[in-house]
Amino acid sequence: MANDLAGAIHPNCGHRLTIPPWLLLYEGVQRNVVSIADLDAAEIVAILNHSDRYWSLADEPIKKLTSLRGRTVINLFFESSTRTRTSFELAAKRLSAEAINISSAASSTTKGETLIDTARNLQSMHPDAIVVRHSFGGAAAVLASCVKAAVINAGDGQHEHPTQALLDAATIRRHKGSIAGLEVVIVGDIAHSRVARSNILCLAKLGARIRVCAPWTLLPRGIEEIGGALTRERVRVVTRLEDGLDGADVVMMLRVQSERFAGEACRFPNTRELSRTFGLSERTLAFAKPDAIVMHPGPMNRGVEISPQVADGPRAVILQQVSWGVAVRMAVLERAILGDAA
Ligand code: CP
């Protein structure tokens, strides 16, 4: 499939796809979480409010609720993951669902089975939800078009990582009270980042102003346009770190996703140079507001995009993002499986 379709361009984001662009026009049912683009601000806020019920569950000795008892969630991961896969599994188990994990190495795709055939076979076992991570942008939309189970996108290529954006919004909201009016800067490899795309859409819908900050070689052309007029108005491209950080309320750092451009021409001289010009250190963080929080979706490359002092410092909320991600994924799973009854 990849070879036939390589080179197709996403109609909005302009990044390379490996599935036909028409599939991205697929209108998912409400229960699927394929893309932040499918959710309006009210739906995003409803998920964040729903997740507020579960923040404190992590502090309880017994972290078990029963709302999804008897339900089945399949975690279908074709790319490596530490946070997202574990967090979805924990979220399902904390709601008493059966959680089944399938990795690419252990799936029959290694024997030539297509993603669609894999999905149809899984559907035949009647799961309630399938959580999917795949290196092809649009893989979650493909699945959603051919299974009855609710589909949740756990990251598809360079397209989107919607639950990361939801947990990031939840973390910002808990620290800052609200998101509207905040200045958020996203620094790093914007070109290859599904986290950046989902966050731009999510934060713009919630009323923040977003700066994307990177060297030109790591900025996709037209990134300000991915949400149409809304993001054209709210997103600003900045190519000097100090300008990006100036007066920011939230600093979101991204690693260079070199696995997504292996074999291409170099985008920057070397990681040392990139770190010197776009790395977040105690010196550069001083350009942001004194109460600015520092976020990172992980995995972090310490000493490249972020210094260890900042990553472990008092303004970093990076591990809170991980903790609170479980609450957000509990809300997402309940919404996906129970719908309005959640
Ligand atoms: N943030 C994130 O998606 O991390 P993982 O790749 O570990 O799931």
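Start at 1 and go down the list; that is how both ligands and their atoms are numbered. We use all heavy atoms of the structure for the numbers below, so side chains are in, but hydrogens, waters and symmetry mates are not.
A salt bridge links R283 and E242; the closest N-O separation between the charged side-chain nitrogens and carboxylate oxygens is under 4.0 Å. Ion pair R276/E273 flagged as a salt bridge, since at least one NZ, NE, NH1 or NH2 atom sits closer than 4.0 Å to an Asp/Glu carboxylate oxygen.
The salt bridge (charged side-chain N to carboxylate O under 4.0 Å, His left out) check on R234 picks up nothing, with sequence neighbours excluded. Partners of L319 under the side-chain contact (heavy atoms from CB on, under 4.5 Å) rule, at least two apart in sequence or in another chain, do not exist in this structure. Under the side-chain contact (heavy atoms from CB on, under 4.5 Å) criterion, E224 pairs with V235, V237, sequence neighbours left out.
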N/O to N/O under 3.5 Å, ligand 1 against protein:
from     : atom 1 : to   : atom 2 : distance (Å)
ligand 1 : 1 (N)  : Q164 : OE1    : 3.0
ligand 1 : 1 (N)  : P297 : O      : 2.8
ligand 1 : 1 (N)  : G298 : O      : 3.4
ligand 1 : 3 (O)  : T84  : OG1    : 3.0
ligand 1 : 3 (O)  : R133 : NH2    : 2.9
ligand 1 : 3 (O)  : H161 : NE2    : 2.9
ligand 1 : 4 (O)  : R83  : NE     : 3.0
ligand 1 : 6 (O)  : R133 : NH1    : 2.9
ligand 1 : 7 (O)  : T82  : N      : 2.8
ligand 1 : 7 (O)  : R83  : N      : 2.9
ligand 1 : 7 (O)  : R83  : NE     : 3.1
ligand 1 : 7 (O)  : R83  : NH2    : 3.0
ligand 1 : 8 (O)  : S81  : OG     : 2.6
ligand 1 : 8 (O)  : T84  : N      : 2.9
ligand 1 : 8 (O)  : T84  : OG1    : 2.6
ligand 1 : 8 (O)  : R133 : NH1    : 3.4
ligand 1 : 8 (O)  : R133 : NH2    : 3.2

*asked:* Walk me through whether V132 and D156 qualify under side-chain contact (heavy atoms from CB on, under 4.5 Å).
replied: CA-CA 8 Å; V132 62; D156 60 333; over 6 Å; no
